[in-house]
Protein chains: 4
Amino acid sequence: MDADRVNTHTDARSETIRSATLELAQELGFAKLSIEAVAARAGVGKHTIYRRWPSKGALFLDAVLSSHETILEYPDTGDIVADLREQILAAVELLARPPLDGLFRSLLGEAQQDAAISAALNERFIAPQTQRTIDRLEKARDAGQLSPDLDLELAMSILSGPIYFQFLITAQPLTHDYIDRLLAALFAGLGPRP
Amino acid sequence: MDADRVNTHTDARSETIRSATLELAQELGFAKLSIEAVAARAGVGKHTIYRRWPSKGALFLDAVLSSHETILEYPDTGDIVADLREQILAAVELLARPPLDGLFRSLLGEAQQDAAISAALNERFIAPQTQRTIDRLEKARDAGQLSPDLDLELAMSILSGPIYFQFLITAQPLTHDYIDRLLAALFAGLGPRP
Amino acid sequence: MDADRVNTHTDARSETIRSATLELAQELGFAKLSIEAVAARAGVGKHTIYRRWPSKGALFLDAVLSSHETILEYPDTGDIVADLREQILAAVELLARPPLDGLFRSLLGEAQQDAAISAALNERFIAPQTQRTIDRLEKARDAGQLSPDLDLELAMSILSGPIYFQFLITAQPLTHDYIDRLLAALFAGLGPRP
Amino acid sequence: MDADRVNTHTDARSETIRSATLELAQELGFAKLSIEAVAARAGVGKHTIYRRWPSKGALFLDAVLSSHETILEYPDTGDIVADLREQILAAVELLARPPLDGLFRSLLGEAQQDAAISAALNERFIAPQTQRTIDRLEKARDAGQLSPDLDLELAMSILSGPIYFQFLITAQPLTHDYIDRLLAALFAGLGPRP
DNA sequence: CTCTAATCGAGACGGTACGTCCCGTCTTTTA
DNA sequence: TAAAAGACGGGACGTACCGTCTCGATTAGAG
């Protein structure tokens, strides 16, 4: 699977198109976004867009992901719970709050309709984040802060899953309190105290 | 928010339309589904559809949810881990495997673009499942099988989140083994053994 | 061959479309006429045009022919030469002079690229004119004003041909003098006086 | 008006382009011919075509006329009717029969839309033919085979017009018999025998 | 026998229009 | 009198070419 499939050009014209895409997505929402409008806003022929991105979804993904390359914080204070809290908070603040929340939600929605978008999203965003989390978790496990036989890939979905569930499924607010309680419960385990 | 907003009619004509919708969704995917095609397939005027459902998404949600009212198993053997395992397996087998997986994924995707769909989905599907899980968890907590101060709403997102994450975000297979390891980790907690 | 193939609707909307077509054809010329522009000018969806006419050429033909249903003069004073002169003059004044000359020339040009246009043009315009000329010639022959063994279909192309040749091929002006000299020469014959 | 305006280059690359043009015109018809396709077929950049011909029509005219420089027969047996018959037959066989009829018809059609094509066509094809016919007619008139006061330019349109009329307007077949009857009628005149 | 300038192929580019598909609304026709 | 059938204005699709415009890479003529 190759992220280039959904473009990665760095020339000025591509950048103009990505900007126009984001502007219009903010104004209209992804659903009402049209390649025709992007072309008009960017002052570009439609073909120039089709030449670079295979679909509206691919363009949108590229525009959203390129606009916030900000590497999310992965602090390492030695305290794994505090660090995970920091990291989750940073991600939530960026992606689940205005102005980016609607776009990110749409992006995840579009990934459900288009396997290429899903794959590119994983490759360009999910996988790198996962890898960095796993690296941090590994250090923590070596430091004795985690259950020694914990599958770290699994831990990643345990940590991320509830956040995404809240964001995508129940559409409940992701408060700091929620994140604190979540981490506490995850580290303590659901079972009764021994 | 009222689920009736996305229809609930029980007459034969509505049923025909729902069937045609499912057929076409299976054949073409949700993205290429059109009300025009549904009307043609159902042998019905477009008006008749618009009179009953406010949007393609609402029709689709209704068609998908109505087609599988099968009440998912919520066994109660006294063993909460075994029962949760049974229940999660049943849900995964139904919703994350062919033939329903694509439709369910599309439904969740559409919910990201349309708040009415999101609300209706919660009301008609997510909330009832949540309630029944919470009821079962409550019994388990009372029986001392769960941490006594566990927030059960939170527990629900801890149990569901990783599954949805795997289904929607990483698009990895939801094997029985994965579910077993997930439950084990969740009950044991991420932290080191005391 | 059926002229209905290129439309014949008499409703008001069709009339609006024909008018917009003529306006734009006058302003831009047939070559730069577009169905898109006609639809915009007529305040009509493109599909409404495609539903009625199979091509830009067919629309244009219908618009041009419908706009000038004026039955060309076919006088009968008893003098065949004078009458033919009158009739040819009327046709030339109408079709080979502004404002219609450009449109008519384009129509004949388009007929060379599209057999359906050619056939419709014959059926709706050429054939009826031919028939009326032949009727007049027949009377003249009976009255002894024409060579008694003259093939009247042939006579029609002898009378019309040079006019069209001048109009389409050499693009020379069709003066009254030219028409007079033409008729004189045709009636006298090319051969030497006996 | 200068025929060079529509090109006249004799180099090998121009010849390749003309050939590609003819091939594609045969395959697709003039209407569907595109400069883009000609460039691709000829293995040539678009610029190279635009550098040599101002328009698709000009290229097409040049390609068609260059491909059949065969000087049409202008026999002189002393018998003007027989000679004209021969000459008209040769022209008809070449231009109004496959494989050239469609191309020639398209060329005449295009001339109706584009004054430059019309002028170039006259200059490169019509005028020379006319001149040679007029020369032949002049000899015939001097020999007493034609009406002594006949306007020879007019005679030219009288002889050519009906042929073109049949070819372009009524789209009837140009049989040998038709040509014989035409010449007989033209020489005898339409009027009654004196 | 280089060096410089022109020419070339290739094809990107902003545009315009194509003919098609659906949208959601609205008539018309049939039962 | 309600429903099928489908016409309607509209908007966007993805494609095809237009004529213009860079690009290197030949290729030739001039020095």
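Chain naming here is simple, since letters A, B, ... match the order of the sequence lines and numbering starts at 1 in each.
Using a 4.0 Å cut-off between charged side-chain N and carboxylate O, C:Arg41 and C:Glu27 make a salt bridge. B:Asp62 has a carboxylate O that lies under 4.0 Å from a charged side-chain N of B:Arg124, or vice versa, which qualifies the two as a salt bridge.
Residues from residues 23-45 of chain B lying near DNA chain E, meaning a heavy-atom separation below 4.0 Å, are B:Ser34, B:Ile35, B:Glu36 in numerical order.
With hydrogens and angles left out, the side chain of C:Lys46 and the base of E:dG19 share a donor-acceptor pair within 3.5 Å.
For the pair C:Leu59 CG and E:dG19 P, the interatomic distance rounds to 12 Å; values are reported in whole Å. Straight-line distance from the CD1 atom of B:Ile17 to the P atom of F:dA3: 10 Å, rounded to whole Å. If you measure from atom CD1 of A:Ile49 to atom P of F:dA12, you get 13 Å, rounded to the nearest angstrom. B:Arg51 has its CZ atom 13 Å from the P atom of F:dA5, to the nearest Å. Whole-Å rounding puts the D:Asp11 CG to F:dA28 P distance at 13 Å.
Side-chain contact annotation: C:Ser14 with C:Arg52, donor-acceptor N/O pair under 3.5 Å present. When only modelled atom types and interatomic distance are considered, D:Arg18 and D:Ser67 share no side-chain donor-acceptor pair under 3.5 Å. Side chains of B:Ser106 and A:Gln113: a donor-acceptor N/O pair is present below 3.5 angstrom, by distance only.
Residue B:Arg13 is the one, among B:Arg13 and A:Lys56, whose nearest nucleotide of DNA chain F lies closer to the 5' end (criterion: closest heavy atom).
Heavy atoms of B:His47 sit under 4.0 angstrom from at least one base atom.
Between the OG atom of D:Ser34 and the NZ atom of D:Lys56 there is a distance of 7.5 Å, given to the nearest 0.5 Å.
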